[in-house]
Colleague: 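Sending over a structure as structure tokens; questions will come in a sec.
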2 protein chains.
Amino acid sequence: MSERSLARVATPIPRQSNLGELSYERLKEIIIAGAFPPNEKLTVRSVSAALGVSTTPARDAINRLISEGALAYVAPKTVVVPSLTVEALDEITATRLAIEGLAAERSVLSVTPGDVAGLAQMQARIIAGLDQGNYREVLKINREFHFTIYRMSGWPRLVAIIETMWLRVGPSFNALYPAFAMNRQGVANHLAAIDGLNAKDGAKVRAAIENDIRDGYVRMKAMIESQN
Amino acid sequence: MSERSLARVATPIPRQSNLGELSYERLKEIIIAGAFPPNEKLTVRSVSAALGVSTTPARDAINRLISEGALAYVAPKTVVVPSLTVEALDEITATRLAIEGLAAERSVLSVTPGDVAGLAQMQARIIAGLDQGNYREVLKINREFHFTIYRMSGWPRLVAIIETMWLRVGPSFNALYPAFAMNRQGVANHLAAIDGLNAKDGAKVRAAIENDIRDGYVRMKAMIESQN
DNA sequence: TTTTGTAATTTGATGCAACAAAAAAGATCG
DNA sequence: CGATCTTTTTTGTTGCATCAAATTACAAAA
């Protein structure tokens, strides 16, 4: 009894699962996976047909992704996955350093030994994935690793903002794989973050995450510039 | 010819003005103005009737405000303006310090003497408003003052995130007026920001804005706690 | 071949009806 | 009088037809 009511209270956002929500989730995954060519038109009817729903939930999904910055208008009736420019990357990286650094620093306030063990396990899977060349898996667990730390901040609104940041770099990030999968430098950053969490040293966790973001920035920037 | 094509390229977001957009803008203003009692239900049909549009644009507006955090589900079919808790205020304030500080620091990169003159003029209107007890006007210009600085960062995505932050504190901020209108302490912070912009001293502008946010936090927190 | 004007098509927005689920009101029983 | 069950009303969602606007395709002229 008290367990069930607690679970309801603890639920941050009791957003019901409707077709618009499901369409949004699926379309978001498709975009993050980099499966959608940048600058290619997305129409309500094409999404509607692809997902097997009517125009209303398809339109809902597109509108929500536009408001989150994952999609953008380039002309009055033309919605596309925006291609990441160097200018956009600069802006997003600076913002990420500020807010992901904040979340990382706060993570030590609630971290438990079990949390650290879980992160260490993820890290082991990342290393195994790198050894096997399973880069898709590496990117997925990398994301899980980061957000596990961010969620420890206990600040769901902050985590939600961070998610929209990842939604903007994700498509380029994933479309360019495997050139972009984490390298051994990334591994070192993750290990430093785990060390910092063990020592409950917020500054160290922040520094590790910031380094990870900066390393990714350098490689992503080189990648974008080589595309031109 | 080249002028027209340039204008099209320069346009950041060619979001067309449709009924959904207009409904969103109007509903947002109503919410920010604090005119809507927190925890009171908002229904699609009531918004539809109030704005004189059909259910579709009304639903679009509500959904968008939910995704921006200005509205929230408290039960499966119940959408309300969320009342600001101390915990939410803590989280939002920390996030604001990080991102508004970042925008403020960058503002010196593009500031012009004309910009500073404009801010000084706003500040004069704020002081006049305080003298006349016209607190509604003071709050409005205060917002304009801050966003003028933030926009100087040249980072529209960052400004958009800041706007969603203001959208979350705005209702409580405005609902509690005139108790909440800026005091002379706020004036000092603004003058310090102007000084920093004149000297192109990013750190000083950031410090001034951070102080302004902290001063507001202290008063807002006291206000929330006195409500219980 | 390039440009320009026009027709055909595509497309998002809008309003609305139908439906299912939830909430509110009312009734019944202990 | 209070609790529980039932009925009624409210409400969000979904699908779809219609319309205006924008895009595309095409043809004609330079």
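From a predicted model like this one, the values you see are computed outputs, not experimental measurements. Chain naming here is simple, since letters A, B, ... match the order of the sequence lines and numbering starts at 1 in each.
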Colleague: Round to the nearest Å and state the distance from N63(A) atom CG to dA13(C) atom P.
Modeller: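 Interatomic distance, CG of N63(A) to P of dA13(C): 6 Å.
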
Colleague: Given atom CD of E21(A) and atom C1' of dT13(D), what is their separation to the nearest angstrom?
Modeller: 13 Å

Colleague: Quick one: L42(A) CG to dT11(C) P, roughly how many Å, whole number?
Modeller: 11 Å

Colleague: For the residue pair E68(B) and T164(B), what are the closest heavy atoms and their distance?
Modeller: O-CB, 4.0 Å

Colleague: Ignoring the backbone of T56(A), work out which of dT11(D), dT14(C), dT14(D) is nearest its side chain.
Modeller: dT14(D)

Colleague: Please verify the inter-ring angle class for F147(A) with W166(A); under 30° counts as parallel, over 60° as perpendicular, anything in between as tilted.
Modeller: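 Taking W166(A) first and then F147(A), their aromatic rings stand perpendicular (interplane angle over 60°).
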
Colleague: Nearest whole angstrom, please: distance from the P of dT23(D) to the CZ of R45(A).
Modeller: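 Spelled out: CZ on R45(A) to P on dT23(D) is 15 Å.
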
Colleague: Taking side chain to side chain donor-acceptor pair (under 3.5 Å) as the definition, give me every residue that meets it alongside N39(A), ordered by chain and number, with sequence neighbours left out.
Modeller: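 Side chain to side chain donor-acceptor pair (under 3.5 Å) check on N39(A) returns nothing, list empty.
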
Colleague: Expressed as a whole number of angstroms, how long is the span from N18(A):CG to dT14(D):C1'?
Modeller: 10 Å

Colleague: Could you tell me the separation between the OH atom of Y24(B) and the C1' atom of dA13(C), rounded to a whole number of Å?
Modeller: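 Between C1' of dA13(C) and OH of Y24(B): 19 Å.
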
Colleague: If you check the T43(A) side chain, which of dG12(D), dT11(C), dG15(D) turns out closest?
Modeller: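 Of dG12(D), dT11(C), dG15(D), dT11(C) is nearest to the side chain of T43(A).
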
Colleague: Salt bridge check, E87(A) against R157(B): does any charged N sit closer than 4.0 Å to a carboxylate O?
Modeller: no

Colleague: Going by the rule side chain to side chain donor-acceptor pair (under 3.5 Å), which residues pair with S153(A) if we only count those two or more places apart in sequence or in a different chain?
Modeller: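 In terms of side chain to side chain donor-acceptor pair (under 3.5 Å), with neighbours along the sequence ignored, S153(A) is linked to no residue.
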
Colleague: Protein-nucleotides 20-26 of chain C N/O pairs closer than 3.5 Å?
Modeller:
{"residue": "dA21(C)", "atom": "N3", "partner": "K77(B)", "partner atom": "NZ", "Å": "3.0"}

Colleague: Specify the residue among V44(A) and P57(B) whose closest nucleotide of DNA chain C lies further upstream toward the 5′ end.
Modeller: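 Whichever sits nearer the 5' end wins; that is V44(A).
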
Colleague: If you compare all heavy atoms of I149(A) against all heavy atoms of L119(A), which two are closest, and at what distance to 0.1 Å?
Modeller: CG1-CD1, 3.9 Å

Colleague: Could you check how far CD1 of I62(A) sits from P of dT11(C), rounded to whole Å?
Modeller: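 Answer to the nearest Å: 11 Å.
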
Colleague: On the nucleotide dG12(C), are OP1 or OP2 found under 4.0 Å from the side-chain N or O atoms that R59(A) carries?
Modeller: no

Colleague: May I have the distance from L51(B) (atom CG) to dT14(C) (atom P), rounded to whole angstrom?
Modeller: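 These atoms are roughly 13 Å apart.
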
Colleague: Check this for me: does any side-chain nitrogen of one of R214(B) and E210(B) sit under 4.0 Å from a carboxylate oxygen of the other?
Modeller: yes

